[in-house]
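Here the structure comes first, spelled out in structure tokens, and everything after it is commentary.
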Amino acid sequence: MSASLVGDVAVPVYVLGGFLGAGKTTLLNRLMARREAENLAVIVNDFGAIDVDSTLLERREEDILSLRNGCVCCSLQGDLFSTIRMLLGRTPQPEMIVIECSGVSRLTDMRTALMDSVIWRHAALEGVLCVVDAQSLVVEDEGVFDPLWIEQIRAADLLTLSRLDILAPAEVDFAHARLRNIASGTPVVDTPEALLAHSALSGSGGRRRFAAVAAGVEGGKAEDSFASLAWESERPVDLALFQETVGRFSAQLLRAKGILYHAGASGSPLLLQMVGRRASLGPAPDRAAADPRTRLVFIGRRQGFPSGDLAEALDRCVVTTQE
Ligand SMILES: Nc1nc2c(ncn2[C@@H]2O[C@H](COP(=O)(O)OP(=O)(O)OP(=O)(O)O)[C@@H](O)[C@H]2O)c(=O)[nH]1
């Protein structure tokens with residue numbers, strides 16, 4: 001790294017991780033809304049080939065940098081370092097860099113990557129935060145928890161639960177208890193305010209703690225166990241047929257998201273969000289109109305991922321004649 005590119009004080013870096021659809025982007029939006037005045041830079045990593053997350057972030061475009069089609073913890077590590085270097089070369093430098101990992105990033109690998117001796121001196125990892133879907137903690141059997149999900153939870157300095165708003169009080173207690181079983185001793189905070197006040201995110205304790213908890217993890221790249229399909233269309237889709245198609249494939253998918261242009265009466269773009277079997281179609285953010293095409297990403301386990309069949313079925317949803 002060229003000395004002329006960097007300042008004297010290391011820029012703090014925060015890693016935001018969590019499994020597919022856990023609520024990372026939602027939380028980031030909430031955190032950024034509370035730190036509006038600051039000169040934050042956000043690096044968003046989408047596992048799929050289409051960048052959906054930066055469309056969903058309510059922040060000035062120049063603050064958000066997108067890395068897609070892989071994971072920043074492994075295949076996109078070189079791109080991550082180049083992006084951090086580029087940010088450090090800005091005048092003024094960002095006050096803080098937040099990296100939103102893809103849902104299949106291994107957080108221990110992120111720690112190791114960011115401990116690179118040169119990067120560390122100029123962009124210092126202050127804390128790793130993991131968002132955990134409380135609803136999954138409540139409804140899933142412990143035996144089916146994904147090993148990557150467990151790894152992400154255990155690698156974090158700080159945990160936060162999402163979807164508490166849709167759980168009953170007893171379920172919230174149950175989710176907390178289950179989380180303590182997986183990662184006893186790691187602090188858990190429930191609100192953005194508490195998160196921002198926490199030492200692991202305020203620069204007062206993260207680095208020391210970080211050094212203490214860094215640990216190796218066996219095995220190949222986490223992303224090798226997952227596959228994604230990026231599907232785009234210039235023409236609108238038939239909404240009913242699309243919904244039926246996604247429903248049919250949902251058992252083979254872990255996550256789907258993106259912008260949908262349909263042939264319905266209003267024609268305004270929709271935002272698809274599917275996490276596990278839970279799917280919703282709501283109004284797309286205004287900035288989606290800058291790129292008036294349907295652009296969707298589907299993610300599942302590599303084994304048995306229905307890439308070809310799903311792409312063909314989606315192609316059949318495209319409206320070819322005016323009805
Ligand atoms: N009710 C409720 N819904 C939430 C909460 N957090 C996230 N969601 C919803 O869960 C879906 C996925 O949220 P995202 O924030 O996009 O999740 P993500 O972890 O960024 O997803 P990936 O980057 O694709 O892994 C969206 O439909 C959100 O609106 C929450 O605290 N409560």
Side-chain angles (χ1 to χ4, degrees), residues 12-38 40 42-45 53 56-59 95-103 105-108 110-111 114 124-140 145 148-215 275:
V13 176
Y14 295 95
V15 168
L16 176 59
F19 202 61
L20 294 162
K24 299 175 290 296
T25 308
T26 306
L27 179 71
L28 194 49
N29 264 332
R30 288 181 186 151
L31 291 174
M32 288 193 305
R34 284 165 175 77
R35 303 195 107 160
E36 203 136 301
E38 282 173 274
L40 292 185
V42 181
I43 300 174
V44 186
N45 173 210
D53 281 359
L56 303 181
L57 284 171
E58 294 152 19
R59 189 86 189 176
E95 287 164 46
M96 181 190 290
I97 298 173
V98 179
I99 304 170
E100 183 194 335
C101 300
S102 82
S105 292
R106 205 182 262 158
L107 297 185
T108 317
M110 277 303 286
R111 286 183 177 288
L114 290 166
L125 180 63
E126 291 285 349
V128 176
L129 170 66
C130 178
V131 186
V132 185
D133 175 0
Q135 194 180 24
S136 296
L137 273 174
V138 170
V139 300
E140 302 284 356
F145 288 161
L148 177 61
W149 202 65
I150 304 282
E151 185 278 336
Q152 292 170 338
I153 292 173
R154 292 198 171 138
D157 298 316
L158 191 60
L159 297 164
T160 187
L161 287 165
S162 63
R163 298 197 179 81
L164 291 175
D165 53 305
I166 53 170
L167 297 182
E171 291 175 319
V172 171
D173 292 343
F174 183 70
H176 276 282
R178 266 198 150 169
L179 196 53
R180 275 196 301 276
N181 271 342
I182 299 170
S184 60
T186 307
V188 182
V189 287
D190 286 346
T191 62
E193 288 75 18
L195 269 178
L196 290 171
H198 200 280
S199 63
L201 287 189
S202 66
S204 58
R207 220 176 303 184
R208 277 192 304 279
R209 177 171 165 71
F210 162 71
V213 296
V275 181

- Message: With heavy-atom distances below 4.5 Å as the criterion, would you say the side chains of L40 and Y14 are in contact?
- Response: no
- Message: Keeping R106 on the side-chain end and L148 on the backbone end, is there a donor-acceptor pair under 3.5 Å?
- Response: no
- Query: Going from CE on M32 to OG1 on T25, what distance comes out if it is rounded to the nearest 0.5 angstrom?
  - Reply: 9.0 Å
- What one should report as the nearest heavy-atom pair of G17 and L107 is CA-CD2, 3.9 Å
- In a check of side-chain contact (heavy atoms from CB on, under 4.5 Å) between C101 and each of V15, L16, V44, which one passes? V15
- List in chain and number order the residues that pass side chain to side chain contact (heavy atoms under 4.5 Å, CB included) with A22, two or more places apart in sequence or in another chain; answer none if no residue qualifies. V131
- Task: Grab the two heavy atoms, one from A156 and one from T186, that are nearest each other, plus how far apart they are.
- Result: O-CG2, 3.5 Å
- Message: Using 0.5 Å steps for rounding, measure from the CZ atom of R154 to the OG1 atom of T108.
- Response: 11.0 Å
- d(I153 CD1, L137 CG) to nearest 0.5 Å is 6.0 Å
- Minimal heavy-atom distance between G103 and Q152, with the atoms involved, is O-NE2, 3.1 Å
- Task: For E171, check side-chain hydrogen bond (donor to acceptor under 3.5 Å, both in side chains) against everything at least two apart and list the hits.
- Result: none
- Task: Using a 4.5 Å cut-off on heavy atoms from C-beta on, say whether the side chain of N29 contacts that of L57.
- Result: yes
- For S136, side-chain hydrogen bond (donor to acceptor under 3.5 Å, both in side chains) partners two or more places apart: D133
- Message: Are the side chains of R163 and L167 in contact, using a 4.5 Å heavy-atom criterion?
- Response: no
- Any chance you could measure L161, atom CG, to Q135, atom CD, to the nearest 0.5 Å? 12.0 Å
- Where the side chain of K24 meets the backbone of F19, is there a donor-acceptor pair that is under 3.5 Å apart? yes
- Looking at side-chain heavy atoms only, is the closest gap between V132 and V188 below 4.5 Å? no
- Listed partners of S102 passing side-chain hydrogen bond (donor to acceptor under 3.5 Å, both in side chains), at least two apart: S105
- Query: Restricting to pairs with a member in residues 175-186, which pass salt bridge (Lys or Arg N to Asp or Glu O under 4.0 Å), not counting sequence neighbours?
  - Reply: E142-R178
- Message: Are the side chains of F145 and I182 in contact, using a 4.5 Å heavy-atom criterion?
- Response: yes
- Counting distance only, does the side-chain N/O of E100 pair as donor-acceptor with the main-chain N or O of V42 below 3.5 Å? no
- Applying side-chain hydrogen bond (donor to acceptor under 3.5 Å, both in side chains), name anything that partners D173, two or more places apart in sequence or on another chain. none
- So which of V128, V98, I99 actually passes side-chain contact (heavy atoms from CB on, under 4.5 Å) with V13? I99
- Task: Heavy atoms only: give me the nearest C130-G18 pair and the separation to one decimal.
- Result: SG-CA, 3.9 Å
- Query: Atom CG of L159 and atom NE2 of H176: how far apart are they, to the nearest 0.5 Å?
  - Reply: 10.5 Å
